[in-house]
Asks: 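Okay, here's the structure, questions in a sec.
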Amino acid sequence: MFKAKILLIGPSESGKSFLSNFLSDTVETVGGEYNPTQGVRILEFELQNEASGDKYSTFEVELWDCAGDFKFETCWPAMIKDSNGVVIVFNPDVPSHLKEVETWHSMFISSQGLQDSQCLLIAHHKPGSGAGEGRPPLIPQLSKLPFIHSNLEEEPEDVRQAFRRYLENIVHALSESREREEMSIIT
């Protein structure tokens, strides 16, 4: 069984923890007072790989809900270690988030040499803000990354399915990497 380590990063108050709880089917009290993540919160769950020919193929996911506060920057190298993918979550309704996304991309994606397919940008719309259309204005490096709008009030299953497809792509890449490694040992 494959295990994928996925980092959920982005600016403070962008909805990372709310989205993490939803995507991992974690049951916690929803709503209430804002409580920022301190450092990191790791959620573990299993998913069945629907893209696999083997209908019983499952994989484990470690979803690392990382704090958006730069005071935890010294912890980032430990978080990044052995990660298989990065999801940047931001609130497109907050202008400063668009600029901050560039910093997150530089620190977590560019510096690690991750492929575009290992990344996902989520424009997370908070309840009551409505859904956005199209891509917000981002730097060219970010325009190459897969992108989705997240509105859990209006289209929760669309968000879940898009995230599932992203995870299946990560697991497929891990599988291919493992096969190449095994072939290099044999030959």
Side-chain angles (χ1 to χ4, degrees), residues 1-26 36-52 57-91 97 100-124 138-139 141-148 150 159-182 184:
M1 181 182 312
F2 287 102
K3 185 177 215 168
K5 176 181 174 182
I6 308 297
L7 305 180
L8 225 78
I9 61 171
S12 294
E13 297 189 54
S14 59
K16 296 179 300 294
S17 293
F18 186 77
L19 199 54
S20 295
N21 290 340
F22 172 76
L23 295 171
S24 65
D25 289 325
T26 301
T37 301
Q38 299 298 309
V40 68
R41 205 174 55 109
I42 303 170
L43 299 120
E44 296 180 292
F45 57 100
E46 288 184 3
L47 284 179
Q48 186 168 340
N49 190 352
E50 295 172 358
S52 170
S57 176
T58 59
F59 56 95
E60 293 179 29
V61 178
E62 280 186 2
L63 190 58
W64 289 49
D65 173 15
C66 303
D69 193 324
F70 283 89
K71 72 180 180 184
F72 297 106
E73 188 173 357
T74 57
C75 302
W76 292 353
M79 293 176 193
I80 292 169
K81 184 175 175 19
D82 298 327
S83 63
N84 305 110
V86 173
V87 177
I88 301 176
V89 179
F90 65 100
N91 183 341
H97 281 198
E100 215 176 305
V101 165
E102 296 174 22
T103 303
W104 290 100
H105 177 269
S106 173
M107 300 293 281
F108 281 83
I109 296 171
S110 296
S111 68
Q112 299 306 305
L114 293 176
Q115 302 297 313
D116 291 348
S117 62
Q118 292 175 278
C119 306
L120 179 64
L121 277 177
I122 299 180
H124 183 65
L138 299 167
I139 60 172
Q141 297 93 312
L142 294 170
S143 64
K144 298 175 188 174
L145 300 180
F147 173 85
I148 64 169
S150 165
V159 175
R160 190 183 309 275
Q161 289 306 315
F163 185 69
R164 177 182 277 279
R165 284 190 299 275
Y166 164 73
L167 289 176
E168 288 172 350
N169 288 337
I170 295 289
V171 170
H172 180 73
L174 287 171
S175 174
E176 286 182 346
S177 176
R178 182 185 283 179
E179 286 176 20
R180 280 192 303 275
E181 189 177 310
E182 288 171 354
S184 70

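In what follows, residues are counted from 1 in the order of the sequence shown.
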Asks: Got Ser14 and His97 here, is their nearest side-chain heavy-atom distance under 4.5 Å?
Replies: yes
Asks: Rounded at 0.5 Å granularity, tell me how far CD in Gln115 sits from NZ in Lys144.
Replies: 11.5 Å
Asks: Any side-chain heavy atom of Asp65 sitting closer than 4.5 Å to one from Ser17?
Replies: yes
Asks: Quick one: does Leu8's side chain get under 4.5 Å of Ile122's, heavy atoms only?
Replies: no
Asks: Quick check: do Ser83 and Gln112 have side-chain heavy atoms less than 4.5 Å from each other?
Replies: no
Asks: Name all residues meeting the salt bridge (Lys or Arg N to Asp or Glu O under 4.0 Å) criterion together with Arg160; count only those two or more places apart in sequence or in a different chain, and write none if there are none.
Replies: Asp25, Glu157
Asks: Is a donor on one side and an acceptor on the other found under 3.5 Å between the side chain of Lys16 and the backbone of Val89?
Replies: no
Asks: Which residues pass the side chain to side chain contact (heavy atoms under 4.5 Å, CB included) test with Ser106, not counting sequence neighbours?
Replies: none
Asks: Examine the side chains of Ser12 and Asp69 and answer whether a donor and an acceptor come within less than 3.5 Å of each other.
Replies: no
Asks: For residues Leu43 and Asn21, determine if any side-chain heavy atom of one lies less than 4.5 Å from a side-chain heavy atom of the other.
Replies: yes
Asks: Would you check, one step at a time, whether the test side chain to side chain contact (heavy atoms under 4.5 Å, CB included) holds for Leu19 with Ser150?
Replies: CA-CA 9 Å; Leu19 199 54; Ser150 165; 3.6 Å; yes
Asks: How far does CG of Leu120 sit from CZ of Phe147, to the nearest 0.5 angstrom?
Replies: 9.5 Å
Asks: Which heavy atom in Tyr166 sits nearest to a heavy atom in Gln118, and how many Å separate them?
Replies: OH-O, 2.8 Å
Asks: With the side chain counted from C-beta on, respond yes when Leu145 and His105 share a heavy-atom pair under 4.5 Å apart, and no when they do not.
Replies: yes
Asks: For residues Ala67 and Thr37, report the shortest heavy-atom separation together with the two atoms involved.
Replies: CB-O, 3.2 Å
Asks: So which heavy atom on Glu100 is nearest to which on Phe70, and how close?
Replies: OE2-CE1, 3.4 Å
Asks: Which pair of non-hydrogen atoms, one from Val87 and one from Ile6, has the smallest distance, and what is that distance?
Replies: CG2-CG2, 3.8 Å
Asks: Can you name the nearest heavy-atom pair linking Phe108 to Val86, along with the distance?
Replies: O-CG2, 4.1 Å
Asks: Please report the shortest heavy-atom distance between Gly15 and His124, naming the atom on each side.
Replies: CA-CD2, 3.7 Å
Asks: Is there a side chain to side chain contact (heavy atoms under 4.5 Å, CB included) between Asn169 and Ser117 once you walk through the steps?
Replies: CA-CA 7 Å; Asn169 288 337; Ser117 62; 5.6 Å; no
Asks: Tell me, please, which residues at least two apart from Asn84 pass side chain to side chain contact (heavy atoms under 4.5 Å, CB included).
Replies: Ala4, Lys5, Ile170, Leu174
Asks: Decide yes or no for Leu47 and Val171: does some side-chain heavy atom of the first lie under 4.5 Å from some side-chain heavy atom of the second?
Replies: no
Asks: Could you grab the distance from atom CD of Glu102 to atom CG of Leu138, nearest 0.5 Å is fine?
Replies: 7.5 Å
Asks: Output the distance between atom CD (Glu60) and atom CD (Glu44), rounded to the nearest 0.5 Å.
Replies: 7.0 Å
Asks: Could you walk me through whether Ile88 and Ile109 pass the side chain to side chain contact (heavy atoms under 4.5 Å, CB included) test, one step at a time?
Replies: CA-CA 10 Å; Ile88 301 176; Ile109 296 171; 3.7 Å; yes
Asks: Say you draw a straight line from CG of Leu142 to CZ of Phe90; how long is it, rounded to the nearest 0.5 Å?
Replies: 8.0 Å
Asks: How long is the gap from SG on Cys66 to CZ on Phe72, to the nearest 0.5 Å?
Replies: 11.0 Å
Asks: Got Glu168 and His172 here, is their nearest side-chain heavy-atom distance under 4.5 Å?
Replies: no
